[in-house]
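Just so we're on the same page: letters track the sequence lines, and every chain starts at 1.
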Amino acid sequence: MPIRKVYENSIEFVQVMDEQGVIDERLGKDLLSDEQITFLYEKMVEYRRLDEIAFTLQRSGRMYTYPQNKGQEAAALGSGFALRKGVDWLVPCYRENGALFLHGLPPELIFLHWMGDERGNAIPAGVNVTPIAIPIGTQMLHATGMAWAFKQRKEDRVVCTYFGDGATSEGDFHEAMNFATTFKVPCIFFCQNNQWAISVPREQQMASETVAQKGFAYGARSIQVDGNDLLAVYKVTLEARERARAGEGPTIIEAVTYRLGDHTTADDARRYRDSEEVAAWAQKDPMIRLRKYLEGKGLWNDAKQQVVEDRAKAFCSEIVKKSEGIAKPDVNDMFDYLYAEMPEELRRQKETLRTHSLGQDPSQAGLRSSAASAR
Amino acid sequence: MPIRKVYENSIEFVQVMDEQGVIDERLGKDLLSDEQITFLYEKMVEYRRLDEIAFTLQRSGRMYTYPQNKGQEAAALGSGFALRKGVDWLVPCYRENGALFLHGLPPELIFLHWMGDERGNAIPAGVNVTPIAIPIGTQMLHATGMAWAFKQRKEDRVVCTYFGDGATSEGDFHEAMNFATTFKVPCIFFCQNNQWAISVPREQQMASETVAQKGFAYGARSIQVDGNDLLAVYKVTLEARERARAGEGPTIIEAVTYRLGDHTTADDARRYRDSEEVAAWAQKDPMIRLRKYLEGKGLWNDAKQQVVEDRAKAFCSEIVKKSEGIAKPDVNDMFDYLYAEMPEELRRQKETLRTHSLGQDPSQAGLRSSAASAR
Amino acid sequence: MPQMTLVQAINNALDTEMARDERVVCLGEDVGLNGGVFRVTEGLQKKYGPDRVIDTPLSESGIMGSSIGLAMAGQRPIPEIQFEGFMGPAYDQLVNHAARFRNRTRGAITVPLTVRVPWGGGIHAPEFHSDSPEAIYVHNPGLKVLCPCTPYDAKGMLLSAIRDPDPVIFFEPKRVYRSFREEVPEGDYTVPIGKAKVVAEGTDVTVISWGAMVFQCLEALDGLPEDLSVELIDLRTIHPLDFDTICESVTKTGRAVIVQEAPKTCSMASELSAILMEKCFLHLQAPVQRVCGFDTVMPYAKLELQYLPDAPRIAEAIKQVVAY
Amino acid sequence: MPQMTLVQAINNALDTEMARDERVVCLGEDVGLNGGVFRVTEGLQKKYGPDRVIDTPLSESGIMGSSIGLAMAGQRPIPEIQFEGFMGPAYDQLVNHAARFRNRTRGAITVPLTVRVPWGGGIHAPEFHSDSPEAIYVHNPGLKVLCPCTPYDAKGMLLSAIRDPDPVIFFEPKRVYRSFREEVPEGDYTVPIGKAKVVAEGTDVTVISWGAMVFQCLEALDGLPEDLSVELIDLRTIHPLDFDTICESVTKTGRAVIVQEAPKTCSMASELSAILMEKCFLHLQAPVQRVCGFDTVMPYAKLELQYLPDAPRIAEAIKQVVAY
Ligand SMILES: Cc1ncc(C[n+]2csc(CCOP(=O)(O)OP(=O)(O)O)c2C)c(N)n1
Ligand SMILES: Cc1ncc(C[n+]2csc(CCOP(=O)(O)OP(=O)(O)O)c2C)c(N)n1
Ligand SMILES: [Mg+2]
Ligand SMILES: [Mg+2]
C-alpha cells in the first residue's frame, strides 16, 4: 500500500464535576473523600483571600508586583494534592501558589519574593519546592533534570512542573519535553492553560487546537482536563504520578482554566480582553463550583463559610505580618551568596561598597607622592 | 460526556515508487514525465560523483571537512525539483546539495565553503538559496521570517527549509514551527530523517514514533514520505508548495532516508553503527532504484550510463578546478564585510594587522620622551 | 515643539518611520493591541494594522530568528525583547546570526534590523527586569549598540538605527522612560550613531557614562565643589565608539571616571579604561576609575538602589581621582 | 609517570572522578558510544555504563538545563558542549540559571556542575568551531571560568572543578588537544582554581595569557633577544582571578602585554588592562598592550592563522612595550 497510516493518536478531555457541582459517578467514585474535598475547598478559600490581600498590598505600595492566581486554584490544589508531600517535588512558575502551600511552602516566602526580597526564595529544607521562576519556560528543564537524578539514583520520587500556555512557545519547553520522554524520567508537565499570556490569547500563541497535543511531538502521554474541576485535575495528576512511578515516563496535562484577574498588578487586562469573556468564565469559578457540590451534599452552609472566612482573615494577617515584619536585608546579602567561597575582588567590593580602586584601597590615593619618582 | 475526544490526527507514509523501481500507477500518474525523471537521474549521478570527489579531496588534504550527501539525493532532488527556480527560496542545512544545484547554486561555492572560505557563501544575486548552516537548527527561523516577509509583501513565493532528524531536538525548530503556523507563512519544513545525528540514532534522539508527528504540536500539515523515492518526495513537496501558495500555511515533511556515508570526513561511523544496517540501506539507494525504473521502462542502458559518467567526470574536474583555482582570500576580507561602514578601531586593526596600540600607532612609541614631562 | 518623555519620543520615532517606510514592521510580545508593557508601541497597531505591529508568541529566539529572516528578505523589522533579562533565549540568533550574516556571506546577505530592549534597573521590578548586559553585545562582533538616555537623542538615534544597513541593539533605559521630559521635534531628524555628546564641559576630570547613569552623574556633579571643573560625556553609542571625543577630553583633563550600571568585570568600563591606557597613557595624572554595578547579580528591588551607582558613589570617585 | 596529551589527561581526570564519586555523570552529544568527537570521553561509557555517560539529543539548552536540574538534585553532572560555538543555545540556562541559583535562593539551592567545552581556533574547522567566548562568562556573575592549557594542569583543575560546589566552565584548547605531551600522574591530585602559574620568570616585561596562546607566547619568547628578560604568566583560571601574581609581576617589570585569541573589545584582555591601570598605575613604564584576535568574526580556515595572534605579533608587541 503506497499510502499507509503510520501513526495516529487523539486527545481526551476529562471532567469529573460539571459546572453545577454535579459529579460523574463513574469517574468520581472513590476519588476523594468528602473530608478531603471539604479540606481542599477550605484551603481554596484561604488562598483566594490571601491572593486578594496581596493585590491590595500592591495597590497600597506595600508590594512591588504580584500576579494573581484567582480562578486557577482548582488546577493548583487538585494537582498539588495528588503529589506526595515531602517525597515528590514541585517546580513551579508563579501561578500555582496553592500547590506550593499544600506542600509546606511558608506563604510569607511568596510575599517576600514579590516584595523584592531574595529571602522569599530560600526554601526551607524538607519543603520539596523550587522557587518561583521569572523567565518563562526555563524551569521545565530543571524539573526534567531533577526527575532524571531521581531515576538515576532509583529514588521513588516524581517531579511536577507548572507552566502557562504561553510558556509552551519557548524552545526550552520543547527541549525539556524531549529530554524527559527520551530518558523516560518521572516528570509531570502541568500546563495551566489560562487562555492568555499577558495580552496574547491562546489562538494567537499557537495554531494547534489544544496544548495537550503538543505532547505527541515527544511520544508523551497527553491529556486535557477541565482545570476548574478540582476532582478531574486530581484524577489525571494521580494517574500521571503513578505512570511516572511505574517507569512509564512523563505525562503532559493541559488544565483548561482562566485567569480571572489581570496578568499582574502592573497590567490592565481591560485594554485587551472583553468583559463578557471574563464574566462568562467567572461563572466557572472553581471555588463556586466546589461550594455547590458541598452544598448539594449537605456538607456546607453559610455558617461554615463564615468560620472559614474568619480563619482566612487571621491567616492573611499573619502572613502580612510575617512578610512585612522582617528587617530589610543586609546589603552584604547581595555579595554573600554568589559563590560558596567569595572571590577576592567581590570581597573588596563588599567591604567597601565601592568598585573604583581608590575607593577600594584608599591608601592608594596617597601612593602617588611616594612612588611617583620611581616612574 | 465527562471524557470526550477533543482532537485526533494521524500520519500517512507516502511511497510512489517501490524499492524495485515499480511505480504505483494511481499515485505516479502524470507526476513527472519520463524526460524529467531521466534528467533527474542524470543529475543524481553527477552530484553523487561530485560528492565522492569532495570526499577524496578531503582525504588528500585539499578540503578541510566535508559531509557526504550520499544516499540522500532523492530527497534533495525530488524536493528541489518541486520548487520554482528563481521564485521560491531554499534555506538549507548542509546535506541537500542537489537541491541547491538544481536552483542554480554554482557547485564550486559548496566546495569553497568546505575548503574554509567564506566566499563559498557569497551566493550570487538571482540564486534563491541561503548558505550552508553550520549551527544545527538555526536556519529554520530564518526561513520562517523570509516566508513571512513574502506574505507581508504579497509576493507569490514559497520557502523550503531543510534540516535533519537531530535538528528537531533544538528549541529553534520548535519556535520556527510555532511562528510559521501561527502566522501561516508559506514555508515548507523538510526534514531529512537519515536515522542518525552523528552517532546518535533516531530512537535515542526522540521518543516519538515519527518526526512527522512533531507537526501536530503546531497544527501543521504533517506527512511522512519515502525519502529515497524521488517521485514521492516530489509529490508531497509539490502539494506542500501549493498549500503554501494557497495561504494554507506550512507543511512538515519527514523524508525517511539514510546517511550512507560517515557523518563528515572527521567521523568514523564504524565506531557506532552496524555494517548490516548500512548494507541493508545500501540496497535502497535512491540512485539504484531510479535506474531500475528507467531500465524497466527501456529508457536506460549501460551506454547511456557511460555517457553520463563521462559527463560527470568532466563536471567534477571543472568544479575542482574552479574551487582550487581561486587565489587565497585577501587578509582584508576578514575586516571588510563585518559592517557596511567600517568602525574606526576595526580600520586601525585592518591597516596594521595589529591590536596593540603601539603596533597600531607606532608614532606613540616615540611619544614618551616628548610628552613625559607633561605628566 | 512638544515636550516628550523617552517613551513618547520612541513611540514618535516608530510612528515617523512606519509612515515613511512600509518595510518597517514592529514585532514582539504584547507590542500590538496592548501597546507594549511600557506602552512604547501604544497606538501603532491601530494606525498601521496587525500585519505591521505584530503580537508574537512568547518566544524570544523565535522573535529574533524570524526578524533575521524578515530582514534578509528585505523588510525592516523592529523586534522588541520585553526586558533585557529575556535576551538570553535570543542570544544565539542575535550574536551568531544577525551579527554575522554580512560577514559570513561576504556582503551577499545583510540583516538590517533594530532590536529594541527596555534596559537597566531602578524601577523596582522582579528578577531579570533590571539587568545591564550591553557589554556582551559589544564583545561579540557585528552589532551596533546604542544606549541613548534623552528623548531627543533617542528619537534621532532610533531613526538612524532603523535606516542603518546593519543590526542595531537599541537599549532603552527604563528608569528614564517617564522621569524626564524635553523638547522633541515632531518631524523627521536623525542623531548619528557613534557620536558621543559632551553634556558638561570641564577641565579637571572627565566622567564617561551612558544610559540612566548619565542622570546620576549629573546629580553627582551638582553636589561637587564649585571650583571643580568636570567634563561629562554621554557616550550615547557604545559600539562603534567615539574615540576622538573621549581621548580629546582625557588628554585635556588627565583624569577619568567611568560610570555604568553593569557589573564591573569584563565590561564596557573595562574597555574604556583599557583604551585610555593605550591612547592617553602619558596624559593620565591618575588611574582611570570604574564606578559600576557590583560583580554580583542585580539584587531584587529591596537592594537594587544599593547595587546601582548613585550620586554619592560617583562624587566620591571623582573627588578621589582629582585628589590623586 | 605516563606522558599524556591534553585529551588523555582530561579523559583520565573524568575516569578518576567517576570511579571515586558515583554522583558524577557525563552527558552531551556523542560523548557516549562514540567517545566524543575529540575522543575525550573515549572508553568511559564502556566502563561506567550508558546511565552515567549519556548520549543526549542534539539540544544544548536541554543539556545545560537538565544538568542544572541534575545538580540541584544532588548529582555532579559534567555536560559537554561539543564546540564553544554551540554554547549560544545554552547561554540562557548557563548564565541566568546555573550561575544564579545559589544567590537567588540565598544558598538554599546550589548547582555544582562542570561544563566541558572544546574551545578556540587553529584546527582548520568550520564556522562556530573556533571561537573564544570566555569573556562573556566572566562578565556574567556566578560562574568560574577555567582555561588550563597543559595536560597536568588540566587534569588537576578538572578534578578541582568537579568537586567545586559552584558551576564551572572548563574550556579545553582544541589546538593543544594532541599537540603537546607531558608527564601526568595516574592517580588523584588537584590543581587549585584561581591560581595563575609563572611559566617563565623575568624582570623586563610581563606577558599574560591563557589557553593555546600560552604556547604562542613561548614561541615568541624563543625568538626574542637573549638579554630581554620576560616573565610569562599562564592565568589558568580567568575567573576568579589571581590578582597577586599578576600585580606582583607587573609591579616588578613595569610593563605588560596581554595575549588572547578572543576579539579585543570588552574582553578579558580589557579587564586585565583596566586592573593593571588601577592596581599598578605608578609602576607602569609603558601602556599595557593587548595582542588579541581582531574585532571581527573568527574567519574560516583559510584565514584563521592570520586572525590569531602568533609569535611574530606577540614578539613585536613585547619589543615595542619594552622600547617605550
Ligand atoms: C523568557 C521570558 N519572556 C518574557 C517574559 C515576560 N512575561 C512574563 S509573564 C508572560 C506571559 C506568560 O504567559 P503564560 O505562560 O501563559 O503564563 P500566565 O502568566 O498566563 O500564567 C510574559 C510574556 C518572561 N517573564 N520571560
Ligand atoms: C547547535 C549545534 N550543536 C551541535 C553541532 C555539531 N553537529 C554537527 S552535525 C550534528 C548532527 C546533526 O544531525 P542531523 O540534524 O540529524 O543532521 P545530519 O547530519 O544527520 O544530516 C551535530 C551534533 C552543531 N553543528 N550545531
Ligand atoms: Mg497563560
Ligand atoms: Mg540525521
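- In terms of non-hydrogen atom pairs under 4.5 Å with chain A, the most contact-rich of D:T110, D:N103, D:D244 is D:N103.
- Top candidate by heavy-atom pairs under 4.5 Å with chain A, chosen from D:P57, D:G107, D:P165, D:P240, is D:P57.
- Counting heavy-atom pairs closer than 4.5 Å to chain D, the top residue among A:E175, A:M334, A:E341 is A:E175.
- With a threshold of 4.5 angstrom between heavy atoms, A:M140 does not approach chain D through any atom at all.
- Neither the backbone nor the side chain of A:A176 comes within less than 4.5 Å of any heavy atom in chain D.
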Between D:Q320 and D:Q289, is a side chain to side chain donor-acceptor pair (under 3.5 Å) present by the stated rule, with each step listed? CA-CA 9 Å; D:Q320 285 176 331; D:Q289 296 295 296; over 6 Å; no
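- In this structure, chain D has no heavy atom under 4.5 Å from any part of A:P329.
- Residue A:F150 touches chain D through its side chain alone, counting heavy-atom pairs closer than 4.5 Å.
- Within the 4.5 angstrom heavy-atom criterion, only backbone atoms of A:I123 (N, CA, C, O) approach chain D.
- Other residues, nucleotides and ligands place more than 12 heavy atoms under 6.0 Å from the NZ atom of D:K252.
- Open room surrounds CD on D:E22; 12 or fewer heavy atoms of other groups in view lie less than 6.0 Å from it.
- The contact between A:E344 and chain D is made entirely by side chain atoms (from C-beta outward), counting heavy-atom distances below 4.5 Å.
- Between A:W114 and A:Y66, the ring planes lie perpendicular to each other; the angle is over 60°, past the 30° to 60° tilted range.
- Below 30°, between 30° and 60°, or above 60°: for A:Y218 and A:F173 the angle between ring planes is above 60°, a perpendicular geometry.
- Comparing D:K144, D:R104, D:M72 by heavy-atom pairs within less than 4.5 Å of chain A, the highest count is held by D:R104.
- Of the two parts of A:D333, the backbone and the side chain both hold a non-hydrogen atom closer than 4.5 Å to a non-hydrogen atom of chain D.
- Aromatic ring orientation, A:F189 versus A:F163: perpendicular (interplanar angle above 60°, classes split at 30° and 60°).
- For A:Q360, the part sitting under 4.5 Å from any heavy atom of chain D is the side chain, from C-beta outward, and nothing else.
- A donor-acceptor pair under 3.5 Å is absent between the side-chain atoms of D:R255 and the main chain of D:A286, judged by distance alone.
- Within the 4.5 angstrom heavy-atom criterion, atoms from both the backbone and the side chain of A:T138 approach chain D.
- The candidate with the highest count of non-hydrogen atom pairs below 4.5 Å against chain A, out of D:A99, D:A108, D:S59, is D:S59.
- Counting heavy-atom pairs closer than 4.5 Å to chain A, the top-ranked of the candidates D:D51, D:T56, D:T105 is D:T105.
- Closest of all the heavy-atom pairs between D:S66 and D:L27 is OG-CD1, 4.3 Å.
- If you tally non-hydrogen atom pairs under 4.5 Å between each of D:V111, D:I54, D:D164, D:I275 and chain A, the highest count goes to D:I54.
- Each of A:L141, A:V91, A:N128 was scored for a side chain to side chain contact (heavy atoms under 4.5 Å, CB included) with A:M146, with one residue passing: A:V91.
- Side-chain atoms of A:T182 do not come within 3.5 Å of backbone N or O of A:F179 as any donor-acceptor pair.
- Contacts of D:D242 with chain A are absent, with no heavy-atom separation under 4.5 Å from either backbone or side chain.
- Remark: side-chain polar atoms of D:D166 are not paired, donor with acceptor, to backbone N or O of A:Y339 under 3.5 angstrom.
- D:S61 touches chain A through backbone and side chain together, each having a heavy atom under 4.5 Å away.
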(request) For A:H142 and D:F101, run ring-ring contact (aromatic ring centres under 6.0 Å, His included): C-alpha distance rounded to whole Å, both residues' side-chain angles, the deciding distance at 0.1 Å, then the answer. (result) CA-CA 11 Å; A:H142 310 156; D:F101 253 114; 5.4 Å; yes
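- The parts of D:Q75 that come within reach of chain A are both its backbone and its side chain, each placing non-hydrogen atoms under 4.5 angstrom from that chain.
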